Amino acid sequence: MRLTTWNVNSVKARLPRLLDWLAEVRPDVVCLQETKCPTEAFPVGEVGVLGYAVAAHGDGRWNGVALLSRVGLDDVTRGFPGEPGFAEDGVPRPEARAIGATCGGLRVWSVYAPNGRAVDSPHYAYKLDWFAALRDALASEIAAGPLVVCGDYNVAPTDADVWDPALFVGSTHVTPAERQALADLRDLGLLDVVPTPMKGPHPYTYWDYRAGMFHKNMGMRIDLVYAAADVAARVRSAYVDREARKGKAPSDHAPIVIDLEP
DNA sequence: ATGCCCATAAAATATGGA
């Protein structure tokens, strides 16, 4: 089974590249993040032509996640129990940041963690709350069967996952609390499936659009595949498809491609 | 080579991304 995850930064803007990539890579299951489109506006027909069933979860101009599968797409769950909303003005508003489904016997989640914006921002507290609720929700999921949780976690697990750790001191994505949130997820029994970079020593998955960051390989590893032990044991290969970050109108994230033993 | 911000909603800028 070929499983992939990709923050596409708008499925509408990325559709031509997404369709070309699907035809070339032929994944069985695709986790998408930052689709930036309402659930009903997802281009179901376009990806359907390539043989994919679609489960989308969107809330308008921001966020949005989806799952594509050509090996079955059952028991779709939009959001998770206890998932907090962002309560900027005291009114919690739910956001589309997680969708789960069972694909070919594997329970798959596509997640898009809150950015956090700044350590003193309410968005940062929301980010930590969201991770804590995700951990609680996944505790029962991991007990139920083979589980993999893919997506944009918006946290670099270690200093080696950032091109210049000194620049990030005091910023989100690298704080001890955020890294502890990842450790708490791993403590459920999830393993970090670290992909092979196609170039250089760092399996970065994100490079800012500005200042030629991709071309200088000044990136971050913030897209992660967290797999239960039985799933991690089936990993034949995993790599960052940095080819998808090149050329005209790319996303600022590259996909991760994981091949699992049957 | 990989090539130097982008997407969205909205109508010139404002916001979010990380």
Side-chain angles (χ1 to χ4, degrees), chain A residues 5-18 20-21 32-43 58-66 85-86 88-89 93 95-97 111-128 130-131 151-175 177-179 181-182 197-224 239-255:
Chain A
T5 182
W6 193 7
N7 178 323
V8 289
N9 186 17
S10 169
V11 72
K12 181 182 174 189
R14 216 63 58 214
L15 190 59
R17 288 197 64 135
L18 174 63
D20 287 349
W21 183 80
L32 298 176
Q33 302 87 35
E34 280 207 86
T35 54
K36 292 184 174 176
C37 86
T39 301
E40 64 275 13
F42 195 95
D59 57 18
R61 67 186 290 195
W62 308 119
N63 315 311
V65 286
F86 182 40
E88 191 166 24
D89 50 10
R93 290 181 180 78
E95 299 181 322
R97 296 188 175 277
V111 299
Y112 173 53
N115 175 287
R117 298 180 188 167
V119 173
D120 60 358
S121 164
H123 210 260
Y124 178 78
Y126 163 56
K127 182 178 190 175
L128 296 177
W130 187 89
F131 270 116
D152 179 354
Y153 284 69
N154 268 320
V155 181
T158 73
D159 279 354
D161 297 312
V162 181
W163 84 90
D164 184 355
L167 285 177
F168 280 81
V169 173
S171 298
T172 61
H173 294 64
V174 301
T175 65
E178 288 166 283
R179 288 174 171 169
L182 295 186
M198 287 172 72
K199 180 185 176 185
H202 306 288
Y204 297 147
T205 62
Y206 163 83
W207 301 261
D208 196 292
Y209 283 121
R210 289 167 286 192
M213 299 284 272
F214 175 66
H215 319 98
K216 301 169 188 167
N217 200 25
M218 297 162 73
M220 304 173 76
R221 185 171 81 95
I222 54 176
D223 299 271
L224 307 174
Y239 68 93
V240 180
D241 186 3
R242 67 189 298 284
E243 295 299 314
R245 181 61 179 79
K246 300 178 183 177
K248 182 177 170 60
S251 170
D252 43 3
H253 295 249

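So you know, we letter chains A, B, ... as the sequences are listed, proteins then strands, and number each from 1. From a predicted model like this one, the values you see are computed outputs, not experimental measurements.
Comparing A:Ala211 and A:Tyr206 along DNA chain B, the residue whose closest nucleotide (by nearest heavy atom) sits nearer the 5' end is A:Ala211. Residue-to-nucleotide proximity on DNA chain B shows that, of A:Thr172 and A:Pro250, the 5′-proximal contact is made by A:Pro250.
Across all strands shown, A:Asp223 has no heavy atoms under 4.0 Å from either base or sugar-phosphate atoms. Contact annotation for A:Glu243: no contact, since no heavy-atom pair falls under 4.0 Å across all strands. Nucleic acid contact for A:His215: base, since at least one base atom lies under 4.0 Å from a heavy atom of the residue. Heavy atoms of A:Gly60 sit nowhere under 4.0 angstrom from any nucleic acid atom. No contact: A:Met213 has no heavy atom under 4.0 Å from any strand. No contact: A:Tyr153 has no heavy atom under 4.0 Å from any strand.
The side chain of A:Arg61 has B:dA14 as its nearest neighbour among B:dT2, B:dA14, B:dA18. Relative to the side chain of A:Tyr209, the nucleotides B:dC6, B:dA18, B:dT2 differ in distance, and B:dC6 lies closest. Here the nucleotide nearest the side chain of A:Asn154, chosen from B:dG16, B:dA18, B:dC4, is B:dA18.
Neither OP1 nor OP2 of B:dG16 sits under 4.0 Å from any side-chain N or O of A:Asn115. The side chain of A:Arg117 contributes no N or O atom lying less than 4.0 Å from OP1 or OP2 of B:dT15. The phosphate of B:dG16 (OP1 or OP2) has no side-chain N or O of A:His123 nearer than 4.0 angstrom. Proximity of A:Ser171 to the phosphate of B:dA18: no side-chain N or O atom is located under 4.0 Å from OP1 or OP2. Between B:dA18 and A:Tyr112, a contact under 4.0 Å exists linking OP1 or OP2 to a side-chain N or O.
With both ends at atom C1', the span from B:dC4 to B:dT15 equals 23 Å, rounded to whole Å.
A:Tyr112 has its ring centre no less than 6.0 Å from the ring centre of A:Trp130.
Note: CG (A:Asn9) to C1' (B:dC5) measures 10 Å, nearest angstrom.
Using a 4.0 Å cut-off between a side-chain N of Lys or Arg and a carboxylate O of Asp or Glu, A:Arg179 and A:Asp159 qualify as a salt bridge.
Relative orientation of the A:Phe214 and A:Trp207 rings is perpendicular, given thresholds of 30° and 60° on the angle between their planes.
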